[in-house]
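Beneath this line is the structure, given in structure tokens, with notes to follow.
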Amino acid sequence: MIGLIDCNNFYVSCERIFRPDLIGKPVIVLSNNDGCVIARSEEAKELGIPMGAPVFQYKELIEKNNVIIFSPNFNLYGDISWRVMYLLTEKCPNIEIYSIDEAFIDITHQNVKNIYEFGLSLKKYIYKCVGIPISIGFASTKVLAKAANKIAKKFTQKTKGVYVIDNEWKKKIVLRYLSVEDIWGIGKKYTELLNKNGIFKAIDFVKLPDEWIKKNMTINGLKIKYELLGIKCLELEDEIPKKSISVSRSFHNEITNIKELKERISLFIELATQKLRNQKSLCSTIIMYYHTNYFNKREKPIYQQVTIFLDTYTNCPHYIAKKVNKILEKNFINGIKIKKAGIILTNLISQEYNIPPLFTELKHEEQIKLMKTIDEINSKYGRFTIHLAAHNGNIRHKTLCEHLSPCYTTNWSDIIRVKV
DNA sequence: TCTGGGGTCCTAGGGCGA
DNA sequence: TCTGTCGCCCTAGGACCC
């Protein structure tokens, strides 16, 4: 039996842990630059604020209903997520952490007598220890567990946040209830295609011939069909290192000069190589890109992308920044207004398997020692104590975040004080 | 005026060597 | 030596997820 645990309105719930006065009030969390809505409380959903909505389009509704706004505080959310996952692992060792707010558990080999009661106790435990409300769906496959979770969330009063699909009858009811757009793995495009062919519910989807599904929705579509029928096609996965690492940002004020762009890109490289070193990997290919504002219909959109193949594997920001800056100087189009830029590190290998090439300007032994020292200093005295000269070490620079909450659990100066 | 960020997987199609 | 076929590799693009 597989369970899917999902934290309810996760980012909003994280903010509410330290602001219990906001329970019952409409709350939203915004994306970087306070641009779009990325999390909503139930009350905000009821007001009709959609996911991904640009804030400026809903300004009136937000003000009229006193909706509480937060800028994203990923330090806080990451830390709370870690606590939730830690507790879940304690109770269910066979776990796949799927995202910041979701995890699959396999309880087949745990001696669980009553799955529903087990779910309720897990829910109670997480809320008691971390203060995060969760919903749980149990079923024989991942896709069905996702569907069960949806039911648990949608009918909280009846289910108390836990729903188990443990017989054919329940499975049939769920397939009849579930719309195709709500099936895990079927997005906007496939929904359009299915609707056009008269398929609206999961029960109709599973009746489609295999050949049709494979031809129109690839092998993944076929796996979804069998999972809905209760035949396991997707296993719980171990944590595997990332195959690519990227850092990108939109800019509140568009960038028009190469100096500033170089500054930002250098910061992206520093952040990305930090992630790379954390998972003990090296990269040999860097993709750097930037583009103008696609929403500005008055100007022709410009997109530039450069792929840089290194002659060696590295996780050293100085080496990468040097190469990227050289390319930037050569390719930069003067006069364009850059709205977003980013870098992707790819072609990753594990540090262990690295064999330095015979001819390269990079001095490997020295670089390893240097990076180790820098990481130790930054870990002891704070992120960016030592950083690339190209940026000033201010990672929040020029990013709009007017509603940022304190880092209650990760910053000594933000810890809540209690008067006794 | 203002519209996020970070990933994965699959497939088609072209280049290229055996 | 030329030509056709097959399979592998790579890339771009499109789908999906949170």
Side-chain angles (χ1 to χ4, degrees), chain A residues 4-11 28-39 49-60 62 69-74 77-78 81 85 96-104 142-143 146 149 180-194 213-224 233-234 237 239-254 268 271-272 275-276 279 285 287 289 291-299 301 303 305 307 309 337 339-348 399-402:
Chain A
L4 173 71
I5 290 123
D6 192 326
C7 302
N8 301 348
N9 314 325
F10 184 56
Y11 296 165
I28 54 174
V29 176
L30 308 181
S31 60
N32 271 351
N33 287 317
D34 293 347
C36 293
V37 178
I38 59 166
I49 302 171
M51 185 66 162
V55 178
F56 72 92
Q57 285 177 3
Y58 288 83
K59 213 174 161 193
E60 211 176 299
I62 290 168
I69 301 175
F70 283 97
S71 299
N73 187 344
F74 292 112
Y77 312 149
S81 168
M85 300 307 169
E96 174 194 333
I97 298 168
Y98 178 69
S99 69
I100 193 161
D101 69 333
E102 271 181 62
F104 286 102
K142 277 178 150 183
V143 175
K146 268 269 184 186
N149 189 287
V180 283
E181 66 261 36
D182 290 332
I183 302 171
W184 186 43
I186 295 184
K188 212 172 141 193
K189 292 278 170 183
Y190 286 153
T191 298
E192 261 172 41
L193 173 77
L194 290 166
I213 296 179
K214 187 157 189 284
K215 192 180 159 222
N216 292 285
M217 300 171 71
T218 81
I219 189 77
N220 286 336
L222 203 54
K223 281 184 186 169
I224 293 167
C233 300
L234 307 168
E237 285 168 15
E239 202 192 335
I240 38 171
K242 301 250 180 298
K243 293 171 183 175
S244 68
I245 287 173
S246 70
V247 175
S248 66
R249 293 288 182 275
S250 290
F251 308 126
H252 180 58
N253 298 317
E254 289 157 337
F268 297 166
L271 290 168
K275 291 189 198 176
L276 198 60
Q279 71 160 34
T285 304
I287 300 163
Y289 63 90
H291 61 76
T292 55
N293 188 355
Y294 292 147
F295 293 101
N296 185 352
K297 301 290 175 212
R298 293 183 306 276
E299 283 175 36
Y303 178 85
Q305 178 182 317
T307 305
F309 300 99
K337 294 179 204 156
K339 183 64 188 166
K340 182 176 174 174
I343 61 143
I344 304 170
L345 308 181
T346 182
N347 248 335
L348 309 186
T399 304
L400 191 67
C401 45
E402 285 177 344

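Following rounding to the nearest Å, Tyr58(A) (OH) and dT3(B) (C1') show an atom-to-atom distance of 12 Å. Rounded to an integer number of Å, the gap from OH of Tyr190(A) to P of dC9(B) is 15 Å. Spacing between atom CG of Leu30(A) and atom C1' of dG5(B) amounts to 14 Å, rounded to whole angstrom units.
One C1' atom belongs to dT1(B), the other to dC18(C), and the distance between them is 30 Å to the nearest Å. With both ends at atom C1', the span from dG15(B) to dG4(C) equals 16 Å, rounded to whole Å.
Nucleotides of DNA chain C lying under 4.0 Å from heavy atoms of chain A occupy a range whose first and last members, 5' to 3', are dT11(C) to dC18(C).
Among the atoms of the strands shown, none is found under 4.0 Å from any heavy atom of Tyr294(A). Within 4.0 Å of Asp101(A), counting heavy atoms only, lie sugar-phosphate atoms of the nucleic acid but no base atom. Using a 4.0 Å heavy-atom cutoff across all strands shown, Ile186(A) reaches sugar-phosphate atoms only and no base atom. Within the 4.0 angstrom heavy-atom criterion, no nucleotide atom of any strand lies near Lys215(A). Nucleic acid contact class of Lys59(A) (heavy atoms, under 4.0 Å, all strands): none.
Of the candidate nucleotides dG7(B), dG5(B), dT3(B), dT3(B) has the atom nearest to the side chain of Lys339(A). Listed nucleotides dC2(B), dG4(B), dG7(B) differ in distance to Phe56(A); the shortest reach to its side chain belongs to dC2(B).
Judged by closest nucleotide on DNA chain B, Ile38(A) is the one of Ile38(A) and Lys275(A) placed further toward the 5' end. Across the interface with DNA chain B, nearest-nucleotide mapping of Asn296(A) and Val247(A) shows Asn296(A) to be the residue nearer the 5′ end.
Close to dG6(B), at under 4.0 Å from its OP1 or OP2, lies a side-chain N or O of Ser248(A). Considering only side-chain N and O atoms, Ser250(A) lies under 4.0 angstrom from the phosphate OP1 or OP2 of dG5(B). Between Ser244(A) and dG7(B) there is no side-chain polar atom (N or O) within less than 4.0 angstrom of OP1 or OP2.
Qualifying side chain to side chain donor-acceptor pair (under 3.5 Å) partners for Gln57(A), counting only residues two or more places apart in sequence or in other chains: none. Remark: Tyr77(A) engages Tyr11(A), Phe74(A) in a ring-ring contact (aromatic ring centres under 6.0 Å, His included) (not counting sequence neighbours). For Ser246(A), the side-chain contact (heavy atoms from CB on, under 4.5 Å) test picks out Ile344(A), with sequence neighbours left out. For Lys339(A), the side-chain contact (heavy atoms from CB on, under 4.5 Å) partners are Glu254(A), Asn293(A), not counting sequence neighbours.
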Could you go step by step and tell me if Val55(A) and Asp34(A) meet the side-chain contact (heavy atoms from CB on, under 4.5 Å) rule?
CA-CA 8 Å; Val55(A) 178; Asp34(A) 293 347; 5.8 Å; no
Please test Met217(A) against Ile186(A) for side-chain contact (heavy atoms from CB on, under 4.5 Å), starting from the C-alpha separation and ending with a verdict.
CA-CA 9 Å; Met217(A) 300 171 71; Ile186(A) 295 184; 3.9 Å; yes
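Between Tyr303(A) and Tyr289(A), the ring-plane angle classifies as parallel under the 30° and 60° cut-offs.
Here the straight-line distance linking atom NZ of Lys146(A) with atom CG of Asp6(A) works out to 6.0 Å at 0.5 Å rounding.
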Treat primed atoms plus P, OP1 and OP2 as sugar-phosphate and everything else as base, then score nucleotides 11-16 of chain B 5' to 3': B for base contact with protein heavy atoms under 4.0 Å, S for sugar-phosphate contact only, - for none.
S-----
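Nearest heavy-atom pair across Pro72(A) and Asn32(A) is CG-OD1, 3.7 Å.
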